Amino acid sequence: MSRLRRLLVPIAVAGVAAGAVAVPASAAPAPSCDTTSTQYSYVVLYQPGEKQRSVDAELSTKCGKRIAYYPEIGVAVASSRNADFADRLGVKRAYSAGKDVAAKAAARAGLRSAVGMLERTESVAAGDDLSTQQWDMRAIHAPEANKINPGSRSVTVGVLDSGIDAKHPALANAVDARSSTGCVTGAPDASAWTPTNSDHGTHVAGTIAGKDPARGFTGIAPGVRLASVKVVNDDGYIFPEAAVCGFVWAGQHGFQVTNNSYYIDPGMFYCRNEAGDAAAYEAVRRAVTYSTQRGTLNIAAAGNSGFDVRTQTVDPNRPHKIDSSCGILPKAIDGVVTVSAVGYAGTKSAYSNYGSVTVTAPGGDSAQKPPAGQGAGCPLSTVFNGAYGTKCGTSMASPHAAGVAALLASTHRNAPPRALAALLTAEADPVACDVSACEGPKQNNSYYGRGLVNALDAVH
């Protein structure tokens, strides 16, 4: 997570959803539009199915311009230089995360830097036999699973992240360029899915489906395809419009699984009843629901703040109070599998959020060190320049669950997301509470959910 903050009851996206309004057939042009101020992007809510020409007409009269429009869910991405653009549309219909971040840049920079230390890359010496250092794979029985079923090429896992380095020897055969896209602007761009300044998505990708026989490195499901869906901008932010684009793309392109090792900025929490937040929350909810209804199981990291998400009353990133209407996106959306992190010893990583957890997986912990010669406390995976490195975080735990889900999708062809989620939880190995802060029985508790994901059970 850090500065790269990712069993369903279907929720219909059709009809008039919260904050959506019908667009007038015609409207008088705006009397004056700002042409010099900084331009920001917004998510804007409409009725699902609203015609694009109506959307364009309204945005124009409010001093905005369409960047993208997703009629299936009634969400537009628009740009405007007018400071009152959201007010003109209605603050529960429109929201700009970029504008919010710019207004609070100094405070956010300090926080993101501090949390970002969690995922620092520690390099691994060239020539090392990497298989001996993959304690995380052994913990979930991935090597045994690979011998039975490495995953099917008919299964695609979308990595919504900072991009994947497809030139890495462990990833060259896994990345499907035709299914990849850039979504940073909120509109898909097939030329913009590669990473620029962050190897976060590359590390995540290796865990899911990497394979490098020469170095002895193998991910969980090396037989499946990966799609790079770049949602992280070069400042390390994931804005609502990028996530909306990513989830819609996943649904449209038939991804069986997505991994989401982030939270949507400028969060951490979005509140459904708060001005601005309401529009972003609803836009993301519709996009996630759309992808789920199209057959995608979405898996997300629990977060690296070390708190119980159920008891938070104040957002650590923004000065607003938290109540039951608030959640960390995308994991707060119905149907998203949330993954906490454990270290080498199999106990919750100190940094891992807990409280609303589906399953757990290895994310590492520097305080839980494996024996000499078996790697570092953080999971090993692919990084830039064909190299390998270790990172800790629930960002690293989530792709372990996504990899196991990909194996399940390979062995249970055409299983819907709800069924895959049920299998993932049913085949997890229960982990009992070991401290008083952990609540619930071994089979389902606040630290580990239904238990540690198991790759071997997924292919039996």
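Numbering starts at 1 and runs along the sequence shown. None of the values given here were measured: they were computed from a predicted structure.
For residues 173-237, the set of pairs meeting the disulfide bond (SG atoms under 2.5 Å apart) definition, not counting sequence neighbours, comprises Cys183-Cys245. Identified under the ring pair (Phe, Tyr, Trp, His ring centres under 6.0 Å) test for residues 356-377, with sequence neighbours left out: none. Applying the disulfide bond (SG atoms under 2.5 Å apart) test to every pair with at least one member in residues 396-460, sequence neighbours left out, gives these pairs: Cys433-Cys438.
Formation of a donor-acceptor pair under 3.5 Å by the Arg286 side chain with backbone atoms of Gly74 is found in this model. Judged by distance alone, the side chain of Asp161 and the main-chain N or O of Lys230 form no donor-acceptor pair under 3.5 Å. Under the 3.5 Å distance criterion, the side-chain polar atoms of Tyr69 are left unmatched by any main-chain donor or acceptor of Val77. At distances below 3.5 Å, not a single donor-acceptor pair connects side-chain atoms of Ser349 with backbone N or O atoms of Tyr351. Of the possible polar contacts, one joining the Arg138 side chain to the Thr132 backbone as a donor-acceptor pair under 3.5 Å is found. With hydrogens and angles disregarded, a donor-acceptor distance shorter than 3.5 Å links the side chain of Ser96 to the backbone of Lys99. Judged by distance alone, with hydrogens and angles left aside, the side-chain atoms of Thr411 form a donor-acceptor pair with the main-chain N or O of Ala458 at under 3.5 Å. With hydrogens and angles disregarded, a donor-acceptor distance shorter than 3.5 Å links the side chain of Gln256 to the backbone of Thr156. When atom types are taken as modelled, the side chain of Ser79 and the backbone of Ser41 share no donor-acceptor pair closer than 3.5 angstrom. The backbone N or O of Gly355 sits nowhere less than 3.5 Å from a side-chain atom of Ser446 that would complete a donor-acceptor pair.
Judged as a salt bridge (Lys or Arg N to Asp or Glu O under 4.0 Å), and not counting sequence neighbours, the contacts of Asp176 are Arg178. Qualifying side chain to side chain contact (heavy atoms under 4.5 Å, CB included) partners for Asp189, counting only residues two or more places apart in sequence or in other chains: Ser191, Ala192. The side chain to side chain contact (heavy atoms under 4.5 Å, CB included) test applied to Asp315 returns Met268, Phe269, Asn317, Arg318, His320, Ile322, not counting sequence neighbours. Legend: residues meeting ring-ring contact (aromatic ring centres under 6.0 Å, His included) with Tyr344, ordered by chain and number and at least two apart, are Trp135. Taking His141 as the reference, nothing meets the ring-ring contact (aromatic ring centres under 6.0 Å, His included) condition, with sequence neighbours excluded. Taking Arg66 as the reference, Asp56 meet the salt bridge (Lys or Arg N to Asp or Glu O under 4.0 Å) condition, with sequence neighbours excluded. In this view, Tyr281 satisfies the ring-ring contact (aromatic ring centres under 6.0 Å, His included) rule with no residue, not counting sequence neighbours. Tyr42 is linked by a ring-ring contact (aromatic ring centres under 6.0 Å, His included) to Phe85, counting only residues two or more places apart in sequence or in another chain. For Arg310, the salt bridge (Lys or Arg N to Asp or Glu O under 4.0 Å) partners are Asp308, Glu439, not counting sequence neighbours.
Within 6.0 Å of CG in Asp129 there are more than 12 heavy atoms belonging to other residues, nucleotides or ligands.
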Mind running side-chain hydrogen bond (donor to acceptor under 3.5 Å, both in side chains) on Ser340 and Thr360 for me, showing each step along the way?
-> CA-CA 5 Å; Ser340 66; Thr360 195; 2.9 Å; yes
Give the C-alpha distance, both sets of side-chain angles, the deciding distance and a yes or no for side-chain hydrogen bond (donor to acceptor under 3.5 Å, both in side chains) between His203 and Thr382.
-> CA-CA 5 Å; His203 195 280; Thr382 45; over 6 Å; no
Between Asp165 and Thr194, does a side-chain hydrogen bond (donor to acceptor under 3.5 Å, both in side chains) hold up when you go through it step by step?
-> CA-CA 6 Å; Asp165 179 6; Thr194 57; over 6 Å; no
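Ion pairing of Arg285 with Glu282 is present here, as a side-chain N (NZ or NE/NH1/NH2) and a carboxylate O approach within less than 4.0 Å. Using a 4.0 Å cut-off between a side-chain N of Lys or Arg and a carboxylate O of Asp or Glu, Asp365 and Lys348 do not qualify as a salt bridge.
When side chains are defined from C-beta on, Val342 does not count as touching Thr347, because their heavy atoms never get closer than 4.5 Å. Considering only heavy atoms from C-beta on, Val339 stays 4.5 Å or farther from Val357 through its side chain. Side-chain contact between Leu130 and Val124 is present, with heavy atoms from C-beta onward closer than 4.5 Å. Within the 4.5 Å cutoff, the side chain of Ile328 has heavy atoms near those of the Asn353 side chain. Using a 4.5 Å heavy-atom cutoff, the side chains of Arg413 and Ser154 are in contact. At a threshold of 4.5 Å between non-hydrogen side-chain atoms, the residues Val224 and Ser152 do not count as touching. Counting only heavy atoms from C-beta outward, the side chains of Phe239 and Ile264 never approach each other to under 4.5 Å. No side-chain heavy atom of Gln374 sits under 4.5 Å from any side-chain heavy atom of Gln133.
Taking the six-membered ring where the residue is Trp, Phe255 and His253 present tilted rings, their angle falling between 30° and 60°.
For an aromatic pair to be called close, the ring centres must be under 6.0 Å apart, and Tyr388 with His168 satisfies this.
Closest heavy-atom contact between Ala94 and Val44: CB-CG2, 4.1 Å. When all heavy atoms of Leu407 and Ala221 are compared, the closest pair comes out as CD2-CB, 3.7 Å. Heavy-atom minimum distance, Asp100 versus Pro266: OD2-CG, 3.7 Å. Considering all non-hydrogen atoms of both residues, Ser356 and Thr338 come closest at O-CG2, 3.4 Å. Between Leu424 and Val453, the closest heavy-atom pair is CD1-CG1, 4.0 Å. Smallest separation of non-hydrogen atoms from Pro330 and Ala300: CG-CB, 4.3 Å.
If you run side chain to side chain contact (heavy atoms under 4.5 Å, CB included) between Arg450 and each of Val431, Asp429, Thr425, only Thr425 comes through. Checking Val383, Asn385, Val204 one by one against Asp199, the side chain to side chain contact (heavy atoms under 4.5 Å, CB included) holds for a single residue, Val383. The only option from Thr258, Thr296, Asn298 that meets the side chain to side chain donor-acceptor pair (under 3.5 Å) definition with Ser291 turns out to be Asn298.
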